Number of protein chains: 2
Amino acid sequence: MASTPARRVSSGERINIAAEPGRLEAELGRRGIRLTRQRRILLRIIETAPEHLNVEVLLEKAHRADARLNRVTVYRTLDLLKRYRLVDELDLLHLRGHQHFYETHGPRDHIHVACLACGKVREVESELFDRLKRQIERDCHFEITVARTEIGGYCASCRSRS
Amino acid sequence: MASTPARRVSSGERINIAAEPGRLEAELGRRGIRLTRQRRILLRIIETAPEHLNVEVLLEKAHRADARLNRVTVYRTLDLLKRYRLVDELDLLHLRGHQHFYETHGPRDHIHVACLACGKVREVESELFDRLKRQIERDCHFEITVARTEIGGYCASCRSRS
DNA sequence: ATAGATGCAAATATTTTGCCGCCAG
DNA sequence: CTGGCGGCAAAATATTTGCATCTAT
């Protein structure tokens with residue numbers, strides 16, 4: 001039996017699927033969490049980022065809006081968002097050092113496919129991945145709250161080039 | 001159509017599937033890599049570890065055989081093994097800090113299913129996971145060399161307890 | 001008014017590098 | 001013998017904590 005082909009959500013740069021401006025702010029507000037000036041700045045950046053953000057880049061971007069916003073606040077805000085499952089933390093197979101990357105947690109889980117040669121990261125959705133998760137929930141009597149698949153290898157262009 | 005049920009490779013502690021004593025040493029030897037006293041110690045520990053090792057634990061265990069074996073040597077040996085794809089590096093969803101865990105790379109990829117409450121990590125093999133990888137290779141014209149799936153949530157016993 | 005957030009400095013954790021003497025092959 | 005390897009110290013990178021002050025509600 002054949003499955004639906006994998007849907008390539010983005011090629012190269014990341015498309016922010018869940019990009020509804022103000023969504024993160026609304027989610028936190030709904031939960032009665034204090035919305036400070038610093039948090040609003042960070043949330044906006046995270047929501048609209050066209051790529052996967054690391055702490056360094058997030059801080060840089062934040063500094064354009066407020067030069068005094070502290071790196072610690074970035075860490076603390078990311079922790080907050082992780083706790084509420086509003087962002088996912090990735091390491092993209094440590095392609096570039098041991099830092100982590102963050103992205104808004106969209107409506108559907110996707111797989112990260114990273115080329116070890118050119119560094120491009122594709123996001124792919126697949127029905128098989130959803131089935132895999134359901135299978136594990138069923139067979140292991142497990143309730144899944146986080147699922148992360150990161151795949152490394154060589155993309156079509158890098159393969160043809162070599 | 002139904003798929004083969006997920007095969008639970010281990011429950012709780014890790015079963016070292018690829019545990020053939022001397023396999024790592026043989027693999028390195030076959031590649032003409034120098035086998036030092038320190039490497040032999042580390043390889044043996046990695047091969048026979050009943051659980052996922054981090055650098056700290058690996059160093060501790062190594063110190064029982066040689067108290068002078070340095071932490072840097074542990075990092076360098078793990079790098080070597082990673083480069084030759086003889087071990088996999090996991091972060092187990094940062095269940096316990098931002099350290100990494102290492103395991104011998106067995107004949108078949110498996111999924112790590114980690115309970116966020118009790119911390120137990122199960123290894124699960126699934127035909128669906130293999131199909132997912134093949135699908136990505138086909139649909140994205142991508143050559144996969146590393147594949148890592150880490151799933152977090154709550155296991156049966158922790159769910160019934162709450 | 002006040003619980004909770006931020007900034008700053010310092011501590012901690014994790015990984016990498018430079019260099020020199022040593023040892024496996 | 002000798003080129004790669006390990007030990008040591010130090011640097012680099014990444015993240016967390018303590019505390020005084022400030023601010024969103």
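As the structure is a prediction and not an experimental result, all values here were calculated from the model. Proteins come first, then strands; the chains are lettered A, B, ... in the order of their sequence lines, and each starts at number 1.
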Inter-end axis angle, the helix from C/dA1-D/dT25 to C/dG25-D/dC1, with every axis fitted to five base pairs (rounded, 10 degrees):
50°
In whole angstroms, how far is the P atom of D/dG4 from the CG atom of B/Leu28?
16 Å
A/His112 NE2 to A/Glu150 CD distance, which is reported to the nearest 0.5 Å:
7.0 Å
Can you list the steps and then say if B/Arg23 with B/Glu47 is a salt bridge (Lys or Arg N to Asp or Glu O under 4.0 Å)?
CA-CA 8 Å; B/Arg23 175 176 157 260; B/Glu47 275 175 340; over 6 Å; no
Worked verdict on A/Arg76 versus A/Asp79 for salt bridge (Lys or Arg N to Asp or Glu O under 4.0 Å)
CA-CA 5 Å; A/Arg76 290 198 271 230; A/Asp79 268 354; over 6 Å; no
Within a 6.0 Å radius of atom CZ on A/Arg68, are there more than 12 heavy atoms belonging to other residues, nucleotides or ligands?
no
Give each protein N/O atom lying under 3.5 Å from an N/O atom of nucleotides 8-18 of chain D, with the pair distance.
residue, atom, partner, partner atom, Å
D/dC8, OP1, B/Arg68, NH2, 3.3
D/dT15, OP1, A/His100, ND1, 2.8
D/dT15, OP2, A/Tyr75, OH, 2.8

Tell me, which pairs form a side chain to side chain donor-acceptor pair (under 3.5 Å) where one or both residues lie in residues 33-43 of chain A, sequence neighbours left out?
A/Glu25-A/Arg40, A/Arg37-A/Asp66
Looking at A/Glu137 and A/Arg134, is there a salt bridge between them, counting it only when a charged N and a carboxylate O are closer than 4.0 Å?
no
Measure the CG-CG distance between A/Leu28 and A/Leu24 for me, rounded to the nearest 0.5 Å.
6.5 Å
Please state how far atom CG in B/Leu80 lies from atom P in C/dT15, giving the value in whole angstrom units.
17 Å
Partner residues of A/Lys133 under the side-chain hydrogen bond (donor to acceptor under 3.5 Å, both in side chains) criterion, sequence neighbours left out:
A/Asp109
Please check this pair: side chain of B/Ser126 against backbone of B/Leu128, looking for a donor-acceptor N/O pair closer than 3.5 Å.
yes
Quick one: list whatever passes ring-ring contact (aromatic ring centres under 6.0 Å, His included) with A/His98, sequence neighbours left out.
A/His94, B/His100
Do NZ/NE/NH1/NH2 and the carboxylate oxygens of A/Arg148 and B/Asp91 come within less than 4.0 Å?
yes
Whole-Å gap separating C1' (C/dA5) and CG (A/Leu81):
14 Å
Which nucleotides of nucleotides 20-25 of chain C have their base under 4.0 Å from a protein heavy atom (B), which only their sugar-phosphate (S), and which neither (-), written as one string 5' to 3'?
---BBS
A/Thr73 side-chain N/O to C/dT6 phosphate OP1/OP2 under 4.0 Å:
no
Can you measure B/Arg83 atom CZ to C/dT16 atom C1' for me and round it to whole angstrom units?
13 Å
Between C/dA5 (P) and A/Leu69 (CG): distance, integer Å:
15 Å
